[in-house]
Structure formats: C-alpha cells, structure tokens
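Beneath this line is the structure, given in structure tokens, with notes to follow.
As the structure is a prediction and not an experimental result, all values here were calculated from the model.
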Amino acid sequence: MKKSPLFSRRTLLRTGALIFGASLVNIKPLQAFSSSFLKTPPLTTAEIAAIEGALGKKGTYKEAEATHNTGLPRNDLKITVKGEAVPVPFGFGGWVAIKKTMDGKSAVLMSDCVLLEEEVNPLISTAHANGLEISAIHNHFFYEEPRIFYMHIHGMGSPEELAKKYAKTISQSNISPKNRPSAGTASAKTGKDIFDISKLNGIVKYEAAINGPTIKYTIGRSDLTIIAMGAEMTSSIGLNSWASFTGTMEKAHVAGDIAMLEHEVNPVIKSLRSNNIEVVALHNHMLGENPRMIFLHYLGTGNAEKLAQAFRNALDQLGKSNNMKH
C-alpha cells in the first residue's frame with residue numbers, strides 16, 4: 001500500500017524529533033506545527049466496544065489521550081517482597097492499551113504482562129504466532145517470591161484486529177480475564193484509610209489514585225513528544241513515571257518506575273541512591289521510539305513521607321538540559 005508522504009512512519013519519527021528539539025530551545029510545539037497534525041484521532045464507540053468484546057473485559061478510555069487501557073492484574077498470585085506479603089496492586093497488575101496512529105490509518109497496541117518465569121517463553125511463541133512482537137523482558141523487583149518478570153508486547157493493525165490478536169495470544173495464560181479468579185473480598189481498609197493522602201499529595205505535587213490497600217501516583221511526560229510506530233506515546237500507553245505505596249505511614253513500601261531520556265538516567269539514579277532507595281532495573285520498554293526512552297525501577301522501605309520526598313526528588317531531575325559529557 002502506498003504511504004502518504006505527509007504521514008509516513010519516517011515523517012512521523014522525524015517530526016517527533018523536531019518537536020522535541022524545538023522544546024529544548026523554548027519553542028512550543030504548537031507554534032511550529034499545526035494542532036491538527038499533533039492530535040491523535042479518537043477511537044470510535046464501535047471500536048471501543050470491539051476491543052472490550054475481544055478482550056472480555058471492560059477497560060478505561062482516556063479521551064484526552066485517545067487511548068483505551070485494560071488492566072490485567074495477576075489476582076491468582078500470592079506475592080511476598082523480603083518475606084512480607086504485598087497486595088497485587090502494589091506492582092503486579094499488567095495492562096494492554098490501544099490507540100490510533102497520528103495519521104489515523106492504523107492503530108498501535110502495547111502491553112505489559114506480569115509473568116512467572118515458566119510463563120515467559122510460551123507467551124513469546126504465542127505472541128509471534130498471532131502476529132505480535134516482543135519489545136522487552138525484565139524484572140521490576142528484587143526479593144520477590146515467586147520470581148516475577150514483565151514482558152512488553154506491541155503490534156500494529158486496526159483496533160479490533162489488535163484486540164483479537166492479543167486475546168488469542170493470552171487465551172491459554174493466566175493473564176486472560178477468563179482464566180483468573182476474582183479479586184476476592186475487598187480489603188477492610190483502603191489506601192485512603194491507611195495513608196495521609198493530602199500530606200503525600202502535597203509532597204509529590206500530584207493526586208494519588210486509590211487501589212485497594214495501596215495508593216499510586218502515575219505521572220506522564222507532558223514535556224516530551226515521543227513517537228513510536230507512528231503513534232504518540234502518552235501516559236495511558238505506558239510512557240509514565242509511577243510510585244506505588246503499601247504498608248503504613250510509619251513503615252511504607254514504595255515501588256515504581258521513572259521514564260527518562262538518556263541524559264536523565266544517572267541524575268535520577270544518584271537522587272534515588274542519596275535517599276537510600278534501591279535501584280532494581282534499568283531498561284527499555286519500547287522499540288523504535290524517538291527520542292529513546294529508558295525506564296528505571298526502584299524499591300524502598302521507610303517512613304511514607306520520606307519515600308514520597310525521594311520520589312519527588314527523582315522527578316525533579318527530569319526535564320533538565322543535557323549536560324552529559326561525551
């Protein structure tokens with residue numbers, strides 16, 4: 001099929017780099033490019049229904065990002081970190097997201113799958129058999145039992161086609177909603193009861209989401225325009241930094257992820273280590289994105305306010321000019 005010269009993948013990638021470069025010299029993207037070019041076409045009601053029908057679960061459509069995201073938590077697993085039981089929402093909830101490319105001619109799927117070691121390679125084979133690709137495999141934690149790996153899957157096609165391919169890929173695995181037990185009885189206390197939300201929000205400078213006995217901050221990179229496979233990468237399709245808290249205000253556990261440009265990596269690491277936070281992984285999540293993004297996972301235990309400040313300090317390293325020496 002002949003590609004439109006305006007919206008070819010190469011053009012989209014090059015434009016993403018230009019937009020990013022413009023931001024470094026204080027030129028706002030909308031001053032240099034039309035808003036119609038930058039706006040991702042929305043998914044239609046019929047397309048959302050087709051996605052949810054194929055996956056067998058209702059998801060969340062983020063209109064501002066034109067992205068449909070379905071959570072796939074591993075409710076079948078009982079997990080400990082350093083010998084202490086932790087809830088699934090602490091960091092063991094997978095997801096799959098679908099949005100259209102910027103030219104509206106196709107769609108992109110991205111997913112983060114929470115897997116036991118023995119589940120990794122069978123799912124790789126099934127994903128390939130169904131026309132999807134693997135973009136990353138890695139850990140998010142230290143000290144967890146059983147050992148957990150995270151596998152990122154991506155693909156291109158129509159929204160319905162992608163949802164069907166993904167549903168077929170996970171159909172025999174415990175990721176599939178039809179194969180998982182229910183979440184069970186809700187915790188008597190939620191994160192809102194356990195944590196001083198207003199105090200932690202004031203430190204992080206964002207609003208926490210409540211998920212059972214945990215709270216979570218999810219923060220996108222609104223300062224960047226990242227293009228992968230012709231689609232804009234935004235928070236709901238995996239381009240975000242996050243911090244999840246469990247435990248108590250006095251003794252909390254925090255786990256999370258920081259989304260960074262290459263020159264931001266070591267300032268973030270230095271900031272986390274200065275606050276006694278363990279760095280547990282450094283890796284890619286995507287393939288072919290422009291500019292390149294690196295993701296860092298971390299783990300910490302201590303007073304919740306101090307952990308929140310450590311997260312805030314790491315976030316403060318983002319968006320600074322590139323002073324890397326070559």
Side-chain angles (χ1 to χ4, degrees), residues 43-62 67-79 85-100 107-138 140-141 144-187 209-214 216 218 236-238 244 285:
L43 293 169
T44 66
T45 301
E47 287 168 334
I48 292 171
I51 292 169
E52 295 182 345
L55 295 176
K57 184 180 179 183
K58 187 171 178 59
T60 301
Y61 182 62
K62 295 292 182 67
T67 303
H68 186 277
N69 187 296
T70 305
L72 301 169
R74 287 299 300 263
N75 297 330
D76 58 310
L77 299 178
K78 303 294 183 184
I79 302 167
V86 293
V88 169
F90 183 53
F92 305 96
W95 53 267
V96 57
I98 295 173
K99 73 184 301 182
K100 290 183 179 178
V108 168
L109 174 145
M110 289 196 174
S111 173
D112 194 2
C113 306
V114 180
L115 302 168
L116 297 170
E117 291 176 84
E118 62 269 22
E119 296 172 334
V120 172
N121 279 281
L123 194 64
I124 291 174
S125 298
T126 308
H128 280 168
N130 287 294
L132 299 175
E133 296 183 330
I134 311 305
S135 60
I137 302 170
H138 45 241
H140 283 190
F141 285 84
E144 82 278 16
E145 293 289 343
R147 197 175 185 204
I148 303 294
F149 281 86
Y150 296 76
M151 187 165 84
H152 293 260
I153 294 176
H154 71 205
M156 293 189 74
S158 72
E160 182 175 7
E161 176 188 17
L162 288 170
K164 286 181 176 179
K165 285 182 176 182
Y166 189 81
K168 191 173 181 181
T169 295
I170 66 172
S171 63
Q172 301 304 308
S173 77
N174 285 334
I175 299 171
S176 177
K178 68 179 183 180
N179 298 334
R180 288 199 324 269
S182 65
T185 306
S187 173
I210 313 300
N211 193 348
T214 71
K216 184 177 182 180
T218 303
S236 293
I237 201 166
S244 182
H285 284 182

* **Minimum heavy-atom distance between V114 and G93, given as atom pair plus value** => CG2-C, 3.9 Å

* **pair V96-I175: side-chain heavy atoms closer than 4.5 Å** => no

* Return the set of residues passing side chain to side chain donor-acceptor pair (under 3.5 Å) with E52 (not counting sequence neighbours), or none when no residue passes. => H68

* Residues forming a salt bridge (charged side-chain N to carboxylate O under 4.0 Å, His left out) with E117, sequence neighbours excluded -> R147

* To do: Mind checking ring pair (Phe, Tyr, Trp, His ring centres under 6.0 Å) for H138 and listing every partner two or more places apart, or none if nothing turns up?
  => H140, H152, H283, H285

* Taking ring pair (Phe, Tyr, Trp, His ring centres under 6.0 Å) as the test, write out the residues that go with F90, two or more places apart. => F141

* **Whether Y166 side chain and S111 backbone form a donor-acceptor pair below 3.5 Å** => no

* Can any side-chain N or O of N179 pair as donor or acceptor with the backbone N or O of S173 at less than 3.5 Å? -> yes

* Structure fact -> Contacts of E133 meeting side chain to side chain donor-acceptor pair (under 3.5 Å) (sequence neighbours excluded), chain-then-number -> H154

* **Partners passing side-chain contact (heavy atoms from CB on, under 4.5 Å) against T60 (at least two apart in sequence or in another chain)** => K62

Under 3.5 Å, which donor-acceptor pairs do the side chains of residues 119-129 form with other protein atoms, sequence neighbours left out?
residue, atom, partner, partner atom, Å
E119, OE1, R74, NH1, 2.9
E119, OE1, L116, N, 2.8
E119, OE2, R74, NH2, 3.2
S125, OG, N121, O, 3.4
T126, OG1, P122, O, 2.9

* Sequence neighbours excluded, which residues qualify as side chain to side chain donor-acceptor pair (under 3.5 Å) partners of T214? -> none

* Tell me, please, which residues at least two apart from K99 pass salt bridge (charged side-chain N to carboxylate O under 4.0 Å, His left out). => none

* To do: Provide the full list of salt bridge (charged side-chain N to carboxylate O under 4.0 Å, His left out) pairs with a residue in residues 150-163, sequence neighbours left out, each pair given once.
  => E160-K164, E161-K165

* Asked: Does a side-chain heavy-atom distance below 4.5 Å link S158 with E47?
  -> no

* Less than 4.5 Å apart, any side-chain heavy atom of V108 and any of L162? -> no

* Are the side chains of F92 and L77 in touch, meaning some heavy atoms are under 4.5 Å apart? -> no

* Structure fact -> Contacts of T67 meeting side chain to side chain donor-acceptor pair (under 3.5 Å) (sequence neighbours excluded), chain-then-number -> none

